[in-house]
Protein chains: 4
Amino acid sequence: MSRETEKEAAAHRNERRRLQILDAATECFRRRGFHAASMAEISKSAGMSVGHIYHYFENKEAIIAALVESKARELADKMDAMRQEQDLLTAMIDKVDEGLAKNSDQALAALKIEVLAEATRNARTLDTLRASDRLALDKMRENVAAVNPALGASPKTVDGRANVVAALFDGIAIRTLLNPDFDREAVLDALRLAIRSLLHAAPTP
Amino acid sequence: MSRETEKEAAAHRNERRRLQILDAATECFRRRGFHAASMAEISKSAGMSVGHIYHYFENKEAIIAALVESKARELADKMDAMRQEQDLLTAMIDKVDEGLAKNSDQALAALKIEVLAEATRNARTLDTLRASDRLALDKMRENVAAVNPALGASPKTVDGRANVVAALFDGIAIRTLLNPDFDREAVLDALRLAIRSLLHAAPTP
Amino acid sequence: MSRETEKEAAAHRNERRRLQILDAATECFRRRGFHAASMAEISKSAGMSVGHIYHYFENKEAIIAALVESKARELADKMDAMRQEQDLLTAMIDKVDEGLAKNSDQALAALKIEVLAEATRNARTLDTLRASDRLALDKMRENVAAVNPALGASPKTVDGRANVVAALFDGIAIRTLLNPDFDREAVLDALRLAIRSLLHAAPTP
Amino acid sequence: MSRETEKEAAAHRNERRRLQILDAATECFRRRGFHAASMAEISKSAGMSVGHIYHYFENKEAIIAALVESKARELADKMDAMRQEQDLLTAMIDKVDEGLAKNSDQALAALKIEVLAEATRNARTLDTLRASDRLALDKMRENVAAVNPALGASPKTVDGRANVVAALFDGIAIRTLLNPDFDREAVLDALRLAIRSLLHAAPTP
DNA sequence: GATGAATGAGGCTTCATTCAT
DNA sequence: GATGAATGAAGCCTCATTCAT
């Protein structure tokens, strides 16, 4: 094997290990929360020794940071994909289904809350989270303005609408935890109704 | 003093102590999260010894449970008050402002998330939280049906609408943490817009 | 018991506990060195639980700091006592015996070296140690100048002499570790010879 | 290349590697102390992998032992060199300057203390150190006796003087750590004064 | 009622050492 | 020879909880 290929292979194995740890951590945080999940638990779940995790992450904290960053990158990629769509409004309304699905997954919702809770006390996590959110919100504003050009003149209005759309999805995660038995179809209808009005309505005079 | 009055006084002092602890705990959980807040910290903040707290609460866990129950009682009282209002729609739209204020308070939002996170791992907390939410949602459904009688025939639709209204406020709490600089007025407008559409719109055929 | 006496008793018990820990730590550091002595070992040796030590000392580091400070206070007290003596030269020459005894005690020598080694890497320990040394050296300079007024005009000469006297005793500690079988009487004679010459000799022109 | 030369070259490379490691270790021990210096740190500083160090040294402990042995050999070589000098007294007094320089180098002083501290807990290191010291002291005794034949009759007196001379230099190392700002010239003068008196003075009756 | 000293399990992290490649 | 991934014991420290006073 050439020197180059060796390096690549090493980098690849390295990346695989990191993912292995992140997956294990995701599962543990989800199940027990950030503080209650022990490194021993994570290491067992990742199938490697405790000490070895420290070859890949400086800290327990660094694990959650990497987790957040990875989710952020995922989200950014999705936003980029959506930007390409032809009929934006249709595309967005269609996305509602997907957004609902994602936020109404118990495990994902729990993780989201867990990460938020951690961010409440950890500046680094909060920063990553906010940066990621800023990115998503920028796209959302662009899309709102594109769909309803009448709002273009009032950045504040656009901002308000975008934030409330975001709040809708964030809120679904909380609903999922507090009231997991809601009727999915009915909520989807109501969600679309609300979003359509937020996107279409003329600015308040 | 009679035996009776003594007992009452004792019960009263007892209750005062409990509140003192709950307030201190609220502050500590808010600032550091449930797991990171130590009993020592809470006791100091409450102005009494660690050991003494155990006269009033069996557990650290029991503190958070009591906290959640107390918040739940507060909420129930508010719902009862609102039930009395004449013009329900106006009353609700007016309430939006208050709901926004409450959910956009950083500290309250942080506590809400913290409690949710804890509920994720603690069945007792989760049960209390869900019971409280069920209560609130029942009222919300009643109100939705009262405001828009056309929906009355479809309990599912009512349920969807009610859940999405709740999600809106829940979501604002998350928004507050992730994007604390949103424009309050613009968000209030958008919020009212969304809620009005959720309350008014005819059911989808 | 009065409130006052209770407080005093508590403070006294507190102080006793601290000493208990310091004694245990002295013994452990002496035997195993600062880094190799574990908190578990110290706690066992002190007859209390690990956790309890942390009621009295913030850190393992704080223990060594307190140790150094306590030794420093002891030394300062001795210096103050010596200052009172009538015939300073005789007093000092007499003290040589005591100084030799102290520095030629294996265990004490080992502890001294151990503390110095720790100071090499720990700024706080080094500072305490240096402050204590400065104090002792000041006294030594005063004494040198008092015994040999002819040196008074040259502070540098006084400083040189004082430092070398100090070095003699410091060096004995190292001798004790490297060559524990030296002849005590012969070394005492040589020590006195050297010190007398350092105190008496006229300044080099 | 012949089989023989290959072997020699291998042995040579081997020796070079060992020195490389010893130099790196010297630097690390100096900076962080024996226990705090990690093998990872040493390996990095030596420019080779951790595992590779274990080809050359059985142990971390073996490294410090080799270090001490190497310093001991160095010292022995120097003593041999001095033995050749014509005017011994002058030669020794001249050496004082060099001895002061060596012992007043912060880094060297720190290492000396570090090694002593380790010797306190490690029999092998202590043995090596003592053997090396015995060698040096033997020379010193010879020199003292040669310079001052009147002492020749009393081995104990010679021993006392030699030990105190050694203590002077050892002590300077400690002075250097505790009071690094001493006046070099003044200390040199005082040092010479003390040593001259130790070498010249008649035995106490 | 009230205190806070005391416990000890358990958490995160570091590190010497090994070994497959 | 040479690497560095991998292990796991052990260290420091925190903290909920108990209990004598």
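Letters go in sequence order (proteins before strands), and every chain restarts at 1. Values below: every heavy atom of this structure, side chains too, minus hydrogens, waters and symmetry copies. On a predicted model such as this, the values are computed, not experimentally measured, just so you know.
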Is any side-chain heavy atom of [X] less than 4.5 Å from a side-chain heavy atom of [Y]?
X: C:N14; Y: C:Y56; value: yes
X: B:F57; Y: B:R18; value: yes
X: A:K44; Y: A:M39; value: no

- Message: OP1 or OP2 of F:dT17 versus the side-chain N and O atoms of B:N59: is any pair under 4.0 Å?
- Response: yes
- Query: Under 4.0 Å between a side-chain N or O of A:Y54 and OP1 or OP2 of F:dT7?
  - Reply: no
Between [X] ([atom1]) and [N] ([atom2]), how many Å, whole number?
X: C:K60; N: F:dC12; atom1: NZ; atom2: P; result: 4 Å
X: C:Y56; N: E:dT7; atom1: OH; atom2: C1'; result: 13 Å
X: C:R13; N: F:dA20; atom1: CZ; atom2: P; result: 15 Å
X: D:E61; N: E:dT17; atom1: CD; atom2: P; result: 8 Å
X: D:E58; N: E:dA16; atom1: CD; atom2: C1'; result: 13 Å
X: A:R18; N: F:dA5; atom1: CZ; atom2: P; result: 13 Å
X: A:H55; N: E:dC12; atom1: NE2; atom2: C1'; result: 16 Å
X: C:I53; N: F:dT14; atom1: CD1; atom2: P; result: 13 Å

- Message: Could you walk me through whether B:M48 and B:I21 satisfy the side-chain contact (heavy atoms from CB on, under 4.5 Å) test, starting with their C-alpha distance in whole Å, then the side-chain angles of each, then the deciding distance to 0.1 Å, before giving a yes or no?
- Response: CA-CA 9 Å; B:M48 70 183 72; B:I21 295 169; 3.8 Å; yes
- Sorted by chain and number, sequence neighbours left out, side-chain contact (heavy atoms from CB on, under 4.5 Å) with A:S38 holds for A:A40, A:E41
- Item | Residues in side-chain contact (heavy atoms from CB on, under 4.5 Å) contact with D:A25, at least two apart in sequence or another chain | D:F29, D:I42, D:I63
- Please list residues of residues 35-50 of chain C whose heavy atoms come under 4.0 Å from any atom in DNA chain E, ordered by number; otherwise none. C:M48, C:S49
- Message: At 4.0 Å (heavy atoms only), tell me whether D:R17 reaches a base, stays on the sugar-phosphate, or touches nothing.
- Response: sugar-phosphate
Under 3.5 Å donor-acceptor pairs involving side-chain atoms of residues 65-72 of chain C, not counting sequence neighbours:
none

- Item | Distance under 6.0 Å and angle within 45° of ring axis: D:K60 vs D:Y54 | no
What's the separation between atom [atom1] in [X] and atom [atom2] in [Y], rounded to the nearest 0.5 Å?
X: D:R30; Y: D:L108; atom1: CZ; atom2: CG; result: 5.0 Å
X: C:E118; Y: D:E114; atom1: CD; atom2: CD; result: 9.0 Å
X: D:R31; Y: D:C28; atom1: CZ; atom2: SG; result: 5.0 Å

- Nearest atoms (heavy-atom pairs only) where A:A119 meets A:L126: O-CB, 3.5 Å
- Output row for DNA chain F, stems defined as at least 3 consecutive Watson-Crick or G-U pairs under 3.5 Å, is E:2-21 with F:2-21
- Residues from residues 20-32 of chain B sitting under 4.0 Å of DNA chain F, heavy atoms only? none
- Contact nearer the 5' end of DNA chain F, comparing C:G51 with A:G51: A:G51
